[in-house]
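Notes follow the structure.
Bear in mind that the values here come from a model prediction, so they are computed numbers and not experimental data.
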Protein chains: 2
Amino acid sequence: MSAPRTLDRTLLALADPTRRAILQRLSKGEARVTEVAQPFTMSLNAVSKHILVLERAKLVKRRKVGREHFLSYRSEPLEAATKWMDETRAFWGSRLDALERLLREENENTK
Amino acid sequence: MSAPRTLDRTLLALADPTRRAILQRLSKGEARVTEVAQPFTMSLNAVSKHILVLERAKLVKRRKVGREHFLSYRSEPLEAATKWMDETRAFWGSRLDALERLLREENENTK
DNA sequence: CTAACATTCAACCAAAAGGATGAATATATT
DNA sequence: AATATATTCATCCTTTTGGTTGAATGTTAG
């Protein structure tokens, strides 16, 4: 099993609409911090912090050219999270169907 | 587009190893609060709070029988989150491949 | 050199998260 | 009725989060 910290960071980073919007923007191509911040009403600094969260989760990579920081989207963490979710959903969802689960519950309740 | 609040709550609830462990336990069948809390070193009350977070995200349903509260896992939010992730990953990941993205970036940089 | 620009750093703040403990509530057992 | 059990409620504490503003840093342009 892979370190759960990574998954924590990925899911936490994705659990915010601002950050998802940032990622969506970056999925269309590289952009500078100011460009990324432009559509939002919040301050540039606030966006800068969101970017930091995304970087910590490795969902965004930064490339510095002079005074400009180019941000790009990295797909690996989302792929990993998707993989975890698919596997988990399969395991939690279909392996025990409703009837099986009911039987097991009854069995446990009479122990 | 579906309300982002739901997705927020689901992802936030999943972004914690304790809560994922609780869900894993419940995926094997119903359990009471005390049973769910038993494996953890933290206090019962702390677990109770985690359960509340999971309920808010509709990942856990509660059925009260006398003084006992039976908790059960609900698969719908995880299914919805998986769906969102799959779609998003497809959209962000494969629709623009590396070359396309590179061209677009160069184009944007010369505007 | 100086001015403008891109970005972060440093405080500060309010709210939420994650935990502990002790009291309260409701139900079951004797 | 008295006690034990299952669970939450109410406080309190510390850390994190998400936001603000103002200053600092580094880079480019005039």
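Among all heavy-atom pairs drawn from B:Arg74 and B:Lys58, the shortest one is CB-O, 3.4 Å. Across all their heavy atoms, A:Arg20 and A:Leu14 have their closest contact at NH1-O, 2.7 Å. Closest approach of A:Arg9 and A:Arg56 over heavy atoms only: CD-O, 3.6 Å. Here the closest non-hydrogen pair linking B:Pro77 and B:Ala57 is CG-O, 3.4 Å.
Nucleic acid contact for A:Ala46: base, since at least one base atom lies under 4.0 Å from a heavy atom of the residue.
Here A:Glu55 pairs with A:Arg62 under the salt bridge (charged side-chain N to carboxylate O under 4.0 Å, His left out) rule; sequence neighbours left out. Partners of A:Lys83 by salt bridge (charged side-chain N to carboxylate O under 4.0 Å, His left out), not counting sequence neighbours, listed by chain and number: A:Glu87.
When the side-chain nitrogen and oxygen atoms of A:His50 are compared with OP1 and OP2 of D:dG19, one or more of them lie within a distance under 4.0 Å.
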(request) Give the intermediate values and the outcome of side-chain contact (heavy atoms from CB on, under 4.5 Å) for residues B:Leu12 and A:Leu12. (result) CA-CA 6 Å; B:Leu12 193 67; A:Leu12 192 69; 3.6 Å; yes
(request) Step by step, work out the side-chain contact (heavy atoms from CB on, under 4.5 Å) result for B:Leu26 and B:Leu59. (result) CA-CA 10 Å; B:Leu26 292 180; B:Leu59 281 159; over 6 Å; no
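Taken from CZ in A:Arg25 to CD1 in A:Ile22, the straight-line distance is 11.0 Å, to the nearest 0.5 Å. To the nearest 0.5 Å, atom OG1 of residue B:Thr34 and atom NE2 of residue B:His69 are 9.5 Å apart.
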Residues 40-54 of chain B, side-chain donor-acceptor partners within the protein, below 3.5 Å, at least two apart:
{"unit_1": "B:Ser43", "atom_1": "OG", "unit_2": "B:Asn45", "atom_2": "N", "d": "3.4"}
{"unit_1": "B:Ser43", "atom_1": "OG", "unit_2": "B:Ala46", "atom_2": "N", "d": "3.1"}
{"unit_1": "B:His50", "atom_1": "ND1", "unit_2": "B:Arg19", "atom_2": "NH1", "d": "3.2"}

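The separation between A:Met42 atom CE and D:dT20 atom C1' is 12 Å, rounded to whole Å. The distance from atom CG of A:Asp8 to atom P of D:dT17 is 11 Å, rounded to the nearest whole Å.
If A:Thr34 and B:Asp16 are placed on DNA chain C by their nearest nucleotide, the residue sitting closer to the 5' end is A:Thr34.
A nucleotide of DNA chain C counts as in contact with chain B when one of its atoms lies under 4.0 Å from a heavy atom; the first and last such, 5' to 3', are C:dA17 to C:dA28.
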(request) If a protein heavy atom is under 4.0 Å from the base, mark B; if only from the sugar-phosphate, S; if neither, -; do that for nucleotides 11-16 of chain D going 5' to 3'. (result) ------
Between protein and nucleotides 23-30 of chain D, what N or O pairs are separated by less than 3.5 Å?
{"unit_1": "D:dT27", "atom_1": "O2", "unit_2": "A:Arg67", "atom_2": "NH1", "d": "3.3"}

